[in-house]
There are 2 protein chains.
Amino acid sequence: MESRTARPPSGAPSRFRRVAATPAYRQVAEAIEREIIAGRIRPGEPIGTEAQLVSQFGVNRSTVREGIRLLEHSGLVRRDSSRRLWVGLPHYGRLALRMSRALVLHEVTFRELYEASLPMQLATVEAAVERATPETIAQLEENIARTERALGDPSEVAKLDAEFHGLVGKASRNRVLQLAREPSELLVMPTTEMILKRVKEGAPRLLHAHRMYVDAIRRRDKQAGRLWARRHLEDWRKGFERAGKDLDQPIDRIYLEST
Amino acid sequence: MESRTARPPSGAPSRFRRVAATPAYRQVAEAIEREIIAGRIRPGEPIGTEAQLVSQFGVNRSTVREGIRLLEHSGLVRRDSSRRLWVGLPHYGRLALRMSRALVLHEVTFRELYEASLPMQLATVEAAVERATPETIAQLEENIARTERALGDPSEVAKLDAEFHGLVGKASRNRVLQLAREPSELLVMPTTEMILKRVKEGAPRLLHAHRMYVDAIRRRDKQAGRLWARRHLEDWRKGFERAGKDLDQPIDRIYLEST
DNA sequence: TTTCGTCGGATTGTCGGACAATGGATTTGA
DNA sequence: TCAAATCCATTGTCCGACAATCCGACGAAA
């Protein structure tokens, strides 16, 4: 793609940057984005109507619309029921989904995923132990109760496992950690179902680990929390290998179907 | 925004999901996205011309264009010099930038940032110790040499620090970890400059920590790597507090200017 | 043979205008 | 006072058009 700049006839140094004439629709998007990033328009406030933007930017409505679409995708701009434009807060889930997709497209391996998940999981549990409220603990216990009843149904258990880890993430009350952890979680989770289907002692072990998690959180015992987080994830890895899969294999696209 | 579904005349249960008439431009975007995610079009391959898409989808060109803009923003679709459409690999840097922006818009605190950075930093160093190649080690040493020469210039040192951690990330050869760590790094980095300007023993301490990092990597000594990663980040925190800032304060928008 | 103009076709960026569908506001009717 | 009918603003989609640009080809010149 750089063929043009990368072909100086002889040893001539490539002296010039490629010229870039930013199209109007992108200028529109960038202008609006700047206003939001700088905080001059705050989340929840209305951006004008398309007609207003047309007159402000002095371009055609089609151009404005293309610019807006650019921002709409990232969540910086939302539309309400009447389709009017508002400044939005990019939602974690959306971003995490995109990141996990990017990871798959880059063909990262399960080993990378496992290696990265472990420390983030440990940190999350530690924070959760420190800051969990009685409310979230109750939610965790309720989740465990439901898991008990669903022990025979792998896909249901996998779903509850995902919910469980989501709750632990919430309990950590660290949004940076949550956002960092969630893309990996989105990729680990679907494989859990596969593992549970093939390794029949998986579900009880998972349930037991969850119980110990919550127990550690209730007793504010960081060491126990870390221990069980580690065991839980190691179980995942072992189950993965026991199911006949190779850790150094790229993550399968299949695990993205759930759009 | 849920006003329509939330108004059952009496106590009648809300039995029906709200019908969602997905606009055509979004259907176009989703259709293309699905093809890419599923791997039926691979990165580097051309998506058709706008005219082709028009005839395939049976909608107007304006609609196709709006749909494409949605994807363009996420990097799934790129344009080359001739503005033709290609399937692209979403670039880490782009995604990380968006994530860090989202974090700022959500007004996360420096404490959250610090707490999340520490474990990820430790894991990164550990992986780097394990897998660094002579090449990247050489690059790290070269970075240190440049840092030595720039000791008097806080903003230059901050820039080199960012580069250093980028190199360590590369050395870790774990892309999941890298992607998880980078948004935080993008927010930690700009504050380093501020700290270095106000705490004059900051720069030498930073340099020393970097030296010990590389030393640990060269000797494949995980313990030392972890130790110095921890000290380095703790230095950052202490410097932050010594500069008179409060860890529980939301991250300032200012640190996003560098688009 | 290689390099340089030039030309034509293809494609994108932008524009202007148009209309149906929809939501919100307003007025009307009971 | 409240519900129904009406109006108006706005969006989603379409159509057609044109300039700017890129690509490839074809010759002309060195």
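All of these numbers come straight from a predicted model, not from anything done at the bench. By convention in this document, chain letters (A, B, ...) are assigned in the order of the sequence lines, proteins followed by strands, and residues within each chain are numbered from 1.
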Would you mind reading off the distance between [X] atom [atom1] and [N] atom [atom2], rounded to a whole angstrom?
| X | N | atom1 | atom2 | value |
| --- | --- | --- | --- | --- |
| Glu50(B) | dT13(D) | CD | C1' | 16 Å |
| Tyr25(B) | dT13(D) | OH | P | 7 Å |
| Ile68(A) | dT13(D) | CD1 | P | 14 Å |
| Gln52(B) | dT12(C) | CD | P | 9 Å |
| Glu72(B) | dT12(C) | CD | P | 12 Å |
| Leu85(A) | dT10(D) | CG | P | 12 Å |
| Asp80(A) | dA9(D) | CG | C1' | 14 Å |
| Ile47(B) | dT11(C) | CD1 | C1' | 15 Å |

Sugar-phosphate only, base, or nothing, as touched by Thr49(B) at under 4.0 Å among non-hydrogen atoms: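 The residue Thr49(B) makes sugar-phosphate contact but no base contact.
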Sugar-phosphate, base or nothing in reach of Arg26(B), heavy atoms under 4.0 Å: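 Nothing, no nucleic acid heavy atom in range.
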Side chain of [X] (C-beta onward), nearest among [options]:
| X | options | result |
| --- | --- | --- |
| Arg69(A) | dG12(D), dT13(D), dC15(D) | dG12(D) |
| Arg83(A) | dT22(C), dG24(C), dC14(D) | dT22(C) |
| Pro23(A) | dT11(D), dT14(C), dT12(C) | dT14(C) |
| Ser81(A) | dT14(C), dC14(D), dG24(C) | dG24(C) |
| Val59(B) | dC23(D), dC14(D), dC15(C) | dC14(D) |
| Arg65(A) | dG24(C), dC15(C), dG12(D) | dG12(D) |
| Ser62(A) | dC15(C), dT13(D), dG13(C) | dC15(C) |

Residue pair Tyr25(B) / Glu66(A), side-chain donor-acceptor N/O under 3.5 Å: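 There is no such pair (donor and acceptor under 3.5 Å, judged by atom type) between the side chains of Tyr25(B) and Glu66(A).
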Test item: side-chain donor near acceptor, Ser62(A) and Asn60(A), under 3.5 Å: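 Yes, because at least one side-chain N or O of Ser62(A) sits under 3.5 Å from a partner of the opposite role on Asn60(A).
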Backbone N/O of Gly93(A) and side chain of His91(A): donor-acceptor pair under 3.5 Å: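 Such a contact is found between His91(A) side chain and Gly93(A) backbone.
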Donor-acceptor contact below 3.5 Å, side chain Glu35(B) vs main chain Ile32(B):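 Side chain of Glu35(B) to backbone of Ile32(B), a donor-acceptor pair under 3.5 Å: no, none is there.
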Glu66(B) vs Arg61(B), nearer the 5' end of DNA chain D by closest nucleotide: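 Residue closer to the 5' terminus by nearest nucleotide: Glu66(B).
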Contact under 4.0 Å: Arg79(B) side-chain N or O vs dC22(D) OP1/OP2: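 Indeed not, no polar side-chain atom of Arg79(B) lies that close.
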N/O (side chain, Asn60(A)) to phosphate O (OP1/OP2, dT14(C)) under 4.0 Å: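 For dT14(C), neither OP1 nor OP2 has a side-chain N or O of Asn60(A) closer than 4.0 Å.
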Residue that, paired with Arg175(B), satisfies side-chain hydrogen bond (donor to acceptor under 3.5 Å, both in side chains) out of Glu107(A), His106(A), Glu112(A):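 Answer to the side-chain hydrogen bond (donor to acceptor under 3.5 Å, both in side chains) test with Arg175(B) among Glu107(A), His106(A), Glu112(A): Glu112(A).
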